[in-house]
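First listed ligand is number 1; within each ligand, the first listed atom is number 1. Note that the structure is predicted; figures quoted are calculated from it, not measured. In what follows, every heavy atom counts, from backbone to side chain, and hydrogens, waters and symmetry copies are set aside.
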Amino acid sequence: MENEIPVVVAPDACIRCGHCSAICDQDALVNILCPPEGQPLLETFPVLGAEDAERFLRSRRSIRCYKKKPIPREELTRLVNIARFAPTASNTQSIAYHVVDNKDLLAQIVESVIVWMEKEIESGQPFHNSLPGHVLAYRERGVEPIFRGAPQLVVATAPKNLRTKRDNTVFSLAYMELFAPSLGLGSCWAGLFEMYIKAEREHIEPLLSVSPDREITGAVMVGYPVHTYARLVDRDPLNIHWLD
Ligand SMILES: Cc1cc2nc3c(=O)[nH]c(=O)nc-3n(C[C@H](O)[C@H](O)[C@H](O)COP(=O)(O)O)c2cc1C
């Protein structure tokens, strides 16, 4: 503050995080790098009670059975939109989303992932020890183990040269996963698809219209869940170390 007026001390260091104007309830400060139009007043919005918040976070589940009905685009846009409010390193953001909502394209990708898994198994040193089971399920039991029959897939991309591309992606997609149940939707991290991407990036990225300066950094399948869950589950006990 100078003469009771805020002054900019390090303009080049501004990361457009919006703290400076969002903290002021008198509308006294406007930062043109994060304009007020995008900053609605919180007014009296309460912080979620601790018990509700714990239940909200603990009740998110990975959904592996989906209804065939696709999510309308407007609703899916609402879901994906929440991802851009996640924290990112130095507020770099930079994540884009490619939504696959064509079931033939999804089926084509599944087949490519399975063919890659078969090659991996043949090599004698598969990328992951779960691959034979997934191939067997797909080829012999008619199970679709990659996207679990989800009608849509959200693929995140980031600039290749962004140091924190995976971190930014993980936070962003986690926001989306947490928001999904509030829209009556379910989701699941597409880790098997991600394994395939790491190995066959040059094939899949052009197919999903990813520009050459970007790469796929994560993917989550989405849809309407078939089942609901009656209970919360537990995890391993908290592993915490106090240093005093
Ligand atoms: C990085 C990552 C990759 C995952 N990949 C898959 C996957 O390919 N297929 C799947 O069915 N679940 C996948 N999952 C979901 C986990 O299996 C799941 O989060 C875990 O079993 C805990 O269950 P919950 O999410 O229902 O609490 C993945 C989760 C993460 C975080």
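- In this structure, R60 counts as a contact residue of ligand 1, since one of its heavy atoms falls inside 4.0 Å of the ligand.
- Note on ligand 1: R148 sits in its first shell, one or more heavy atoms being nearer than 4.0 Å.
- By the 4.0 Å N-to-carboxylate-O rule, E205 lies too far from K160 to be salt-bridged with it.
- At a cut-off of 3.5 Å, with distance as the only test, a side-chain donor of T92 or N168 sits close to an acceptor on the other residue.
- At the shortest separation from atom 19 (O) of ligand 1 among protein heavy atoms lies S62 OG, 3.2 Å.
- If you number the atoms of ligand 1 from 1 as listed, the ones under 4.0 Å from a heavy atom of A190 come out as 8 (O).
- Closest protein heavy atom to atom 7 (C) of ligand 1: W189 O, 3.3 Å.
- Around the CZ atom of F127, the shell of radius 6.0 Å holds more than 12 heavy atoms that belong to other residues, nucleotides or ligands.
- Distance check, rounded to the nearest 0.5 Å: CG of N102 to CD of Q108 gives 9.0 Å.
- Contacts between C188 and ligand 1 below 4.0 angstrom, taking non-hydrogen atoms only, involve the side chain exclusively.
- Inter-residue side-chain proximity for H203 and S112 is flagged as unmet; no heavy-atom pair is nearer than 4.5 Å.
- Under the 4.0 angstrom criterion for non-hydrogen atoms, R235 is in contact with ligand 1.
- A salt bridge links R139 to E111: at least one charged side-chain nitrogen sits closer than 4.0 Å to a carboxylate oxygen.
- Some N or O of G191 is nearer than 3.5 Å to an N or O of ligand 1, by distance alone.
- For atom 1 (C) of ligand 1, a protein heavy-atom neighbour is found at a distance under 4.0 Å.
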(request) Determine, stepwise, if the pair F85 / Y175 fulfils ring-ring contact (aromatic ring centres under 6.0 Å, His included). (result) CA-CA 8 Å; F85 297 102; Y175 259 47; 8.2 Å; no

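- When heavy-atom distances to ligand 1 are checked against a 4.0 Å cut-off, P145 has no atom that comes that close, whether in backbone or side chain.
- Within ligand 1, counting atoms from 1 as listed, the ones closer than 4.0 Å to a heavy atom of R61 are 23 (O), 24 (P), 26 (O), 27 (O).
- Across all their heavy atoms, Y66 and G149 have their closest contact at CB-O, 3.9 Å.
- With hydrogens left out, the protein atom closest to atom 17 (O) of ligand 1 is R64 NH2, 3.0 Å, a heavy atom.
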